[in-house]
Amino acid sequence: MATLRRIFGYTWRYPWRAVATLVLAAVCTLLVLVLPALSKEFTDEVIPKGQTERILPLALVGLGAIALRQVLFTLRTVSNNVFEQKVVHDLRTELYGKIQRLPLRWFDNQPTGDIMTRVASDVPAMERVIIEGLDQGLSGVLQFVVVFGYLLTQHAGLTLLTVAPLPVVALAVRIYQKRVEPRYKAASEAGSALNSLLHDNIAGIRQIKAYTVEPEELERFEGRSRDVQTAQLSVVKANAVIWPFVSLVAESGIVLTIAFAAWWICRGTATLGTLSAVLMSWGLLYDPVSRVNPLTQLFTAGIVAGKRVFAVLDQTDEANFAEGRRLEELRGAVRFEGVAFSYGGEVPTVAGVDVEAQPGQTIALVGPTGAGKSTLLNLLTRFYEPDSGRILLDGEPVSGMSKEWLRDRIGYVTQESFLFNASVRENLTVAKPGAEDEEIWAALESANAAEFVRRLPEGLETVTGERGTRLSGGERQRLSIARALLKNPPILLLDEATSAVDNETERLIQEALERLRADRTCFVIAHRLSTVEKADRIYVMERGRVVESGRHGELLADGGLYARLCAGGLKEEAAVSA
Ligand code: ATP
C-alpha cells in the first residue's frame with residue numbers, strides 16, 4: 001500500500017490533468033446508463049402502448065448518447081496520454097538525476113544493465129499504474145456503483161442475485177495477488193540480469209570475438225534468457241488458473257439472475273422490461289469486474305517496478321557535492337597524511353600513506369600493479385573517502401570542501417581514454433561548456449591533435465563512436481589530453497597509458513603531456529623512464545603502502561624496489577607495472 005500511495009503521489013504534480021481524467025471517466029460512465037434505460041422504456045412503454053411517435057426521438061437520444069461517449073472517449077485518450085507522458089518524463093528524469101548524484105561505491109555494486117532496466121522499463125511499468133489506475137480503476141468502480149444503484153431502483157432482489165458471486169471473486173483476487181507478486185519480482189530480476197549480461201557482452205564484443213568465446217557466451221545468454229522464460233511462464237501459469245475461475249464464478253451469477261427473473265415475472269413481481277434492463281446492465285456491471293484481471297496484473301507488476309525505482313530514489317546522495325568550503329585561490333599544495341582506505345575487503349587497499357606535492361611539482365607514483373596508485377588519485381578527487389587519515393589542499397582538509405568545486409579544479413587523464421558517442425567538439429567542451437572555437441583549436445594544437453581532427457570528415461563535428469571506437473588509441477589519448485588542456489586545471493592527475501603506440505605518435509603524446517604538466521601540480525602514475533626522471537619526487541608503492549620516496553637518482557642508488565623495477569622493466573617507453 002505504501003508503494004502504491006507513493007506511486008499515486010506523482011499524479012498530484014498535475015492536479016488539473018488528474019481531475020480531467022476523473023471527470024471524463026465519470027461522464028463516459030454515466031452515459032452508459034442511457035441504453036438500458038431506453039431498452040426498458042421500449043419494452044414496458046413504447047411497444048405495449050403502441051407509442052410509435054416516440055420511437056424516433058428515443059432512438060435519436062440513444063444515438064446522441066453513443067456519439068457523445070465516443071467524442072469524450074477520444075478526448076480522454078489524448079488527455080490521458082499527455083498526462084502519462086508527462087509523469088513518465090518527470091519520473092525518468094528524477095531517477096536519472098538521482099543516479100548521477102549517487103556515490104561511486106553504489107555503481108561498483110550495480111550492473112549497468114540493471115540500472116538501465118530500472119530507467120527504461122521499470123519507470124513506464126510503474127507509471128501505467130497511475131494512469132490506468134486512475135482511468136480504468138476509478139471509472140470501473142464508478143461504473144459499478146452507478147449501474148448497481150440503477151439496478152437497485154429496478155429490482156432489489158434481482159440486483160442482489162447479480163452481485164452474489166462478487167465476494168468469492170474478491171477473495172480469489174486477494175489470494176492471487178499474494179501469490180503472484182514474488183513471481184513478478186523474480187521475472188523482473190531475471191529480465192534485469194539478462195540486460196546486464198547483454199550490456200556487458202556488447203561492450204566487450206571485441207574481446208568475445210578475439211578470444212572466440214562466442215559459443216560460451218551464447219550459452220550464458222541462453223541460460224539467462226531461459227531464466228526469464230521460466231519466470232515469465234510462472235506468472236502466466238498463475239494467470240491461466242485464476243482468471244477462468246473468476247469468470248466462471250462471475251458468469252454463474254447471470255444464470256441465477258435469469259432463473260429468478262423468470263420466477264418473479266411469472267409471479268407478477270417483475271416486468272419483462274425489468275429483465276431486459278437487468279440483462280443489458282449485467283454486462284455493464286461485470287465489465288469493471290472483467291477489468292480486474294488486467295488491472296491486477298498491471299498493479300502487481302507496477303508495484304514491483306515501483307519498489308525497484310524507489311530503492312534507487314531512496315539512496316543517499318553523494319555528500320558535500322555543492323555545499324562545503326571553496327578556497328578563494330588555489331596554489332595547488334597537496335598532502336596525504338596517514339591515509340588508509342579499503343573498498344570493502346578486510347585488507348586495506350592503501351594504509352598509512354604520506355605523500356606530499358608542492359604547488360607546481362610533478363609527483364610520480366610507481367609500483368607493481370594493484371599497489372593502490374589509482375586508488376590514491378580516486379581519494380584526492382573524493383570519488384571515495386578515506387577510512388582514516390586526511391588529505392589537505394593548500395593546508396585545508398578536502399573532506400570539508402565542495403566536491404563540485406574540488407573536481408572543477410582537478411583534471412584527470414585516465415589510462416583508458418574514454419570518449420562519449422558524440423562529436424569531437426562535444427567531447428572536448430565537457431571540460432569547458434561554451435568554449436570558443438579558438439580555445440578548442442588551441443587545446444587541440446597543444447595536444448598535437450589539431451592535424452588529425454582537421455583531417456576528420458566533419459572536423460570538430462565528427463562523431464567519435466561509442467567510447468571513441470572510430471578513432472585510434474593514440475588519437476583518443478590526444479583528445480583526452482586536449483580535453484584536460486581546455487579545462488586548464490591547477491591540479492592534474494595523469495595515468496600514463498601503457499598501451500604501445502608507434503614511435504611518432506608516442507613522441508606527439510609525450511610532447512602534449514609535457515605541455516599539459518607545465519605550471520600545475522601533477523600526480524602521474526608513471527610507466528615511462530622519461531617521466532620519472534623528470535619528476536620532482538617519486539613515491540614507490542607496494543601493497544597499499546609507500547615503501548620508498550625520493551628522486552630518480554637517489555632511489556636508484558638505494559638499490560630497493562624502485563631499482564629492481566627499473567632493472568626489470570622501467571626502460572624508455574616501457575611499463576613499470578607491465
Ligand atoms: P594498476 O597499476 O594496475 O592500475 P594500481 O596500483 O593503480 O594498479 P588500484 O587500481 O589502486 O591499483 O587498485 C588497488 C587494489 O584495489 C587492487 O587490488 C584492486 O583490485 C582493488 N580495487 C580497485 N578498484 C576497486 C573497486 N572499485 N572496488 C573494489 N576493489 C577495487
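Just so it is clear, the model here is predicted, and its values are computed rather than measured. Just follow the structure's listing: the first ligand is 1, and inside any ligand the first atom is 1.
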Mark up the atoms of ligand 1 that fall under 4.0 Å of a heavy atom belonging to [X], in ascending order.
{"X": "T375", "answer": "9 (P), 11 (O), 13 (O), 14 (C)"}
{"X": "T349", "answer": "14 (C), 15 (C), 16 (O)"}
{"X": "D108", "answer": "27 (N)"}
{"X": "Y384", "answer": "27 (N)"}

May I ask you to decide whether [X] forms a salt bridge with [Y], counting only side-chain N to carboxylate O separations under 4.0 Å?
{"X": "K209", "Y": "E217", "answer": "no"}
{"X": "D437", "Y": "R425", "answer": "yes"}
{"X": "E318", "Y": "R407", "answer": "yes"}
{"X": "D114", "Y": "R308", "answer": "yes"}

Quick one: does A371 get a heavy atom under 4.0 Å from ligand 1?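 A371 counts as a contact of ligand 1 under the 4.0 Å cut-off.
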
Using non-hydrogen atoms of the residue, decide whether F383 is closer than 4.0 angstrom to ligand 1. no

For atom 6 (O) of ligand 1, the option (of G372, G544, G344) bearing the nearest heavy atom: G372

When you compare the side chains of S399 and R390, does any donor N or O come within less than 3.5 Å of an acceptor on the partner?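 No - no donor-acceptor pair under 3.5 Å links their side chains.
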
Any donor-acceptor N or O pair under 3.5 Å, side chains T375, Y343: yes

Consider every N or O of T369 and every N or O of ligand 1, then say whether any pair is closer than 3.5 Å. yes

What do you reckon, does K373 have a nitrogen or oxygen under 3.5 Å from a nitrogen or oxygen of ligand 1? yes

Of K86, E94, E127, the one forming a side-chain contact (heavy atoms from CB on, under 4.5 Å) with Y10 is E94

